[in-house]
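Structure record follows, encoded as structure tokens.
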Number of protein chains: 2
Amino acid sequence: MRNAQPETLTLDRVATPVGEVLLVTDAAGAVRALDFVDYEARMTRLLDRHAPKAALVEGRAPEDVRTAVEAYFGGDVRALDGVAVKTGGTDFQRSVWAALRAIPAGETRSYGQLAAAIGSPKAVRAAGLANGQNPIAVIVPCHRVIGANGTLTGYAGGLERKRWLLRHEGVAVA
Amino acid sequence: MRNAQPETLTLDRVATPVGEVLLVTDAAGAVRALDFVDYEARMTRLLDRHAPKAALVEGRAPEDVRTAVEAYFGGDVRALDGVAVKTGGTDFQRSVWAALRAIPAGETRSYGQLAAAIGSPKAVRAAGLANGQNPIAVIVPCHRVIGANGTLTGYAGGLERKRWLLRHEGVAVA
DNA sequence: GGAAGTCTCGCGGTTTTCGGACATCCAGGC
DNA sequence: GCCTGGATGTCCGAAAACCGCGAGACTTCC
């Protein structure tokens, strides 16, 4: 529909303790998407939505991004804080994702707190929805949002991974 | 919804024999919109659709554009041929508008011919619809398209103006 | 007959509308 | 405690309505 400039994105793979991840970067070196390999269909669907007409070619991501990802999974849970990301999406979604990056490793928020943080305290379900459409898992830490009563509620990559990630960051979870 | 970069557009006014026209140009000097002053609401609506988030400030259009418009209304009906334009819109709409510019002053086409020219001979009504959404009147000569039986059928600026423009270009119309 | 008007219907892209779905939260009843 | 139901904001997909048409069938007048 709307016109968009063609663009080439690079698709790389990185091994982690919870399975291989797919890592999509653009020409500027910014991360465009990150997801677990067994959810590739979901990732390409999100990419199609947010970056239509973009070509995806296998290749190697910038070294600093690769090493940051490996460092995170190796135990340096703050290694991803400085990684540049770029997303499409609506204004609302982008504000949610921006708010996510402000949650430090080792902490969690409830969906209600997340909604309040972006100035729409009543848009709780909408915030949860936007959370689930986050195209850049782990780096944009959507896994740090849990139910108000402490339940994990959901995770696009599987609840097991959400639990693993939180424990890896030092959070005590059931 | 989609993100778009903020942009500043310039709004100028030019007097013509059929009323004042509004002339919107961008920083690069390309025409973004042109409409008659009494249809300003329509123009701003189209602009909003095709260039969301753009700011519109009163100002003076580039001299070469102004003189081209004045020359056209003064009798040099080909004066607008070289004027640069830029539009948003869907692929279909853009191809229709491009086809319009290929119709020389003094000639007309039917909606069917227009549809055929863009390779969709059956998309007749769709072509008519796209024609009516042309944001750059006169320069993109949507007024040169008339019904297959010679009736003028419609014009966003009023049928009287369509008739005047065609006669001004030397077409015999009822 | 035939020329000109009127009506009907199919056409294709775009816009608008509407109905769900959803990784929530809270209150209230049992 | 556990379950139920309601309020709530956003987004997506499907469906319907909208049109600056055109061709063909029918009527109406000469």
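Note that the coordinates shown come from a computational prediction; the quantities given were computed from them, not determined experimentally. A, B, ... follow the sequence lines: proteins, then strands. Residue 1 opens every chain. Keep in mind that the numbers below use all heavy atoms, side chains included, and drop hydrogens, waters and symmetry copies.
Between His168(B) and Phe73(B), the ring planes lie parallel to each other; the angle is under 30°, not in the 30° to 60° tilted range.
Residue Lys122(B) places at least one side-chain N or O closer than 4.0 Å to OP1 or OP2 of dG12(C). OP1 or OP2 of dG22(D) has at least one side-chain nitrogen or oxygen of Ser110(B) nearer than 4.0 Å.
Between the side chain of Lys162(A) and the main chain of Gly154(A), a donor-acceptor pair closer than 3.5 Å is present.
Of all nucleotides listed (dG20(D), dG12(C), dC11(D)), dC11(D) comes nearest to the side chain of Thr90(A). Which of dG20(D), dC25(C), dG9(D) sits closest to the side chain of Ala123(A) comes down to dG9(D). In the set dC25(C), dT14(C), dC21(D), the nucleotide with an atom closest to the side chain of Ala148(A) is dC25(C). Ranking dA23(C), dG12(C), dT10(D) by closeness to the Tyr155(A) side chain, first place goes to dA23(C). Closest to the side chain of Leu129(A), from the set dG13(C), dG9(D), dT15(C), is dG9(D).
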Its dot-bracket string being built from Watson-Crick and G-U pairs below 3.5 Å, with | for another strand and [ ] for crossing, DNA chain D has the pattern |||||||.|||||||||||.||||||||||

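Side-chain to base pairing of Arg125(B) with dG10(C): one donor and one acceptor N or O lie within less than 3.5 Å of each other.
Among the heavy atoms of the strands lying under 4.0 Å from Phe92(B) are primed sugar atoms or P, OP1, OP2 only; no base atom is included.
Judged purely by distance below 3.5 Å, without hydrogens or angles, the side chains of Thr153(B) and Tyr111(B) pair a donor atom with an acceptor atom.
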